[in-house]
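Written out below as structure tokens is the structure these notes cover.
Residue numbering restarts at 1 for every chain, and letters A, B, ... go by the order of the sequence lines.
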2 protein chains.
Amino acid sequence: MKFSTRGRYGVQIMVDLAQHGTEGPISLKSIADRQKLSEHYLEQLVPELRKAGLVKSIRGSQGGYILAKKPEDIYIGDVIRILEGPIAPVDCTNELDGESCCEKTDFCITREVWVKVRDSINDVVDSISLADLLHDCNKEDVKRLSELFE
Amino acid sequence: MKFSTRGRYGVQIMVDLAQHGTEGPISLKSIADRQKLSEHYLEQLVPELRKAGLVKSIRGSQGGYILAKKPEDIYIGDVIRILEGPIAPVDCTNELDGESCCEKTDFCITREVWVKVRDSINDVVDSISLADLLHDCNKEDVKRLSELFE
DNA sequence: CAAATTCCGATTGGTTTAGTAGGATATTAA
DNA sequence: TTAATATCCTACTAAACCAATCGGAATTTG
């Protein structure tokens, strides 16, 4: 029960863009350097965020990416679902009715568990915006930075 | 973000045992037949549930498995964690402090997301007992059975 | 003893994951 | 106009993981 690197790196990319977005387009290279990730691998992920309308790209020299919306309007759930596909702890929770997948078992008694888990995860990630994360991050940054001088 | 078959089958096994547990030891073969699963594969899973104290085994002819506790005292979360390992959407949420894994990123801003997801999943699966599932199942069974005669 | 059953370790085929390789296209700056 | 910097795009690959299978050994009942 793990998120893959796609969702994790995706959130890191968005946070990085939010933190540096005031400085004009941010190149993948600079994100990869800061976050210690493979630039080439990120190249596979960011276009999907672009196609989904979460970031905009500027090609060519001095180009890069910027957020397509305010951090307040970008939810972590969207980032994760774009890169990982729908959040569904088991496949049959994706379907509208549980009929087609569950004829094997006793009327799919266990389905209730997976549906509740699915809804709970989606509720959490859909309740956290990029702005929420940044806000906490800044407070944390200040705290840790000040600790360095104690 | 999926549970593997280990957790899913594990819950199915426990539900099956709860449904038929009054009839003495239940063989894996009968569970595998009812749930349409590979008996040999289940053989890998059930011993782990036994070692964890969730089921008891009776060896030899006419042997099988029975629940080791009342269905009210068996929580789905335990079944899943025994078979899948700790529920942690990313690895670093397993650690007591986020220090050792997160030096790469900007003070691990994103960790907050994964911690909340982890806690939310655990809360859900730890709030559902085997008895809860059985209760819902029986109502559903009755409803569906009656629909067959309409 | 024969059948049924749990128990145990090794192996396998397939899929997924995380990344690499190599280049095409677009833009800027010198 | 040319060199440098970027995004963009399609393949490919090595390693890990998953789901299951295989082949038996040990235990108990009838």
Original post:
Is it the case that T5(B) and Y41(B) place a side-chain donor and acceptor less than 3.5 Å from each other?
Top reply: yes
Taking [X] for its side chain and [Y] for its backbone only, find out whether a donor-acceptor pair lies under 3.5 Å.
{"X": "E72(B)", "Y": "A131(B)", "answer": "no"}
{"X": "R6(A)", "Y": "L83(A)", "answer": "yes"}
{"X": "K69(B)", "Y": "L54(B)", "answer": "no"}

Between [atom2] on [N] and [atom1] on [X], what's the gap in Å once rounded to a whole number?
{"X": "L83(B)", "N": "dA19(D)", "atom1": "CG", "atom2": "P", "answer": "12 Å"}
{"X": "Y9(A)", "N": "dT17(C)", "atom1": "OH", "atom2": "P", "answer": "13 Å"}
{"X": "L45(B)", "N": "dT6(C)", "atom1": "CG", "atom2": "P", "answer": "13 Å"}

Subject >> Residues forming a salt bridge (charged side-chain N to carboxylate O under 4.0 Å, His left out) with K29(B), sequence neighbours excluded >> reply: D33(B)
**OP:** Ignoring the backbone of H40(A), work out which of dT28(C), dT20(C), dC7(C) is nearest its side chain.
**Re:** dT20(C)
Original post:
Quick one, which residues of residues 50-59 of chain B touch DNA chain D with a heavy atom under 4.0 Å?
Top reply: R59(B)
Kindly say if [X] contacts the phosphate of [N], meaning a side-chain N or O under 4.0 Å from OP1 or OP2.
{"X": "Y65(B)", "N": "dC7(C)", "result": "yes"}
{"X": "S61(B)", "N": "dT5(C)", "result": "no"}
{"X": "S4(A)", "N": "dA18(C)", "result": "yes"}

Original post:
Closest nucleotide of DNA chain D for Q62(B) versus for G63(A): which of these residues is on the 5' side?
Top reply: G63(A)
Subject >> Verdict with supporting geometry, L28(A) and Y65(A), side-chain contact (heavy atoms from CB on, under 4.5 Å) >> reply: CA-CA 8 Å; L28(A) 274 194; Y65(A) 294 92; 3.6 Å; yes
Subject >> E43(A) or G60(A), whichever maps to the more 5' nucleotide of DNA chain C >> reply: E43(A)
